[in-house]
Amino acid sequence: MRIVVKVGSNVLTRADGMPNVTNMSSLVDQIATLRSLGHEVILVSSGAVACGRGAITPSRQLDSVSARQLYSSIGQIRLINLYNQLFAGYGLVVGQVLTQKENFASRTSYLNQRACMLTMIENGVIPIVNENDTASLTELMFTDNDELSGLIAAMVDADTLVILSNVDGIYTGLPADPGSRLIPEVAPGRDLSEYVVASKSGFGRGGMGTKCGIAGKVSDEGITVMIARGDRPGVLVGLIETPGEVPHTTFLPSPQPLSNVKRWIAHSASFAKGMIQVDARAEEALRSDRAVSLLPIGITSVDGEWEEGDIVSIIGPEGARIGVGRASMSSEETSTAIGQRGQRPVVHYDYLYID
Ligand code: GLU
């Protein structure tokens, strides 16, 4: 199995901002076990900012971007050094992948990033991935490393994404509430919004809300997602080998997995350069089970400027988003073709993702 493991800042760092060596050693030990059982592992590790925070007191009050840049520059090398040492104890080689949102924006840079990861995996190197927080700007950041781990799982065609957090999974209420129950299994397409309280804990950027959103999306794409508590002894090996014995939430994969291109498009909505509004008939056709492309005849208006190959959002007559796709003509060409019959598709079915 190819497994992407995402570990949150709360598991990897202590309250005082020092690396949590106990938790890190246990995870490395378990990843080494998974490797010896024949699995491939890609690690998405947070903790750079949290770890850097414990190492330095800035000379003056910093804005949030500068603080993140400073802390991550210090914390990332501490973390990676520790990982390198710990994995070396098992004779395993690790490599660092620092990435940012732009690398997922165009198909060319996406495929380049993917090729790098696959070469590492093919050579038995364990990729340790994090956002390049020294270069990211607030508006161009991943929502959090949960989003990043979903993108990575889709990118490397993982079988399973494991998200290790500081709670056992998704609960029917607040985890601390005695009346709350852990939800063991979530069927594809099931909406959990009634349960998820938009609260987050400690140092990381994510929370159960984003975890649920990402898990839903990634499992819809055909990848199993498991959310569990990272500091439970043996949790990782348990989830993969004897899942029935470990408290957690599994999001079951959709029986109709998406193609690699569609997965990329599904995660690309935030890169959309423009919007295409369609009429009710086109919306119905696009939402049907048939393989329908977006044709100029169904378009009522366009907004924004884009080139052929850019990502565009598709919205219905009421203004709600229907999906996202890769445009096969520019905004200018699309505007000229609006409403016309017999034209080539503006978004071909293969490059279309309906929400
Ligand atoms: N990239 C951030 C870090 O390493 C973590 C982002 C998150 O909390 O999800 O500190």
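First listed ligand is number 1; within each ligand, the first listed atom is number 1. Throughout, numbering of the chain's residues begins at 1 and tracks the sequence. Not measured: the values here are computed from a predicted model.
Ion pairing between Asp355 and Lys217 fails under the 4.0 Å rule for side-chain N and carboxylate O. Using a cutoff of 4.0 Å between basic side-chain nitrogens and carboxylate oxygens, Asp279 and Arg281 are not scored as salt-bridged.
If you look at Asp133 next to ligand 1, the close heavy atoms, those under 4.0 Å, all belong to the side chain. At a heavy-atom cutoff of 4.0 Å, ligand 1 is contacted by the side chain of Asn130 but not by its backbone.
Within the 4.0 Å heavy-atom cutoff, Ser72 does not count among the residues contacting ligand 1.
The shortest N/O to N/O separation between Asp146 and ligand 1 does not fall below 3.5 Å. Ligand 1 has an N or O atom lying under 3.5 Å from an N or O atom of Gly47, backbone or side chain.
Heavy atoms only, all atoms of each residue included: Leu79 and Ser45 are closest at CD1-OG, 4.3 Å.
Side-chain contact of Asp29 with Tyr90: a donor-acceptor pair under 3.5 Å is present, judged by distance alone.
Between His248 and Ile227, the closest side-chain pair of non-hydrogen atoms is not below 4.5 Å.
Short contacts between ligand 1 and Asp144, defined as distances under 4.0 Å to a heavy atom of the residue, involve ligand atoms 9 (O).
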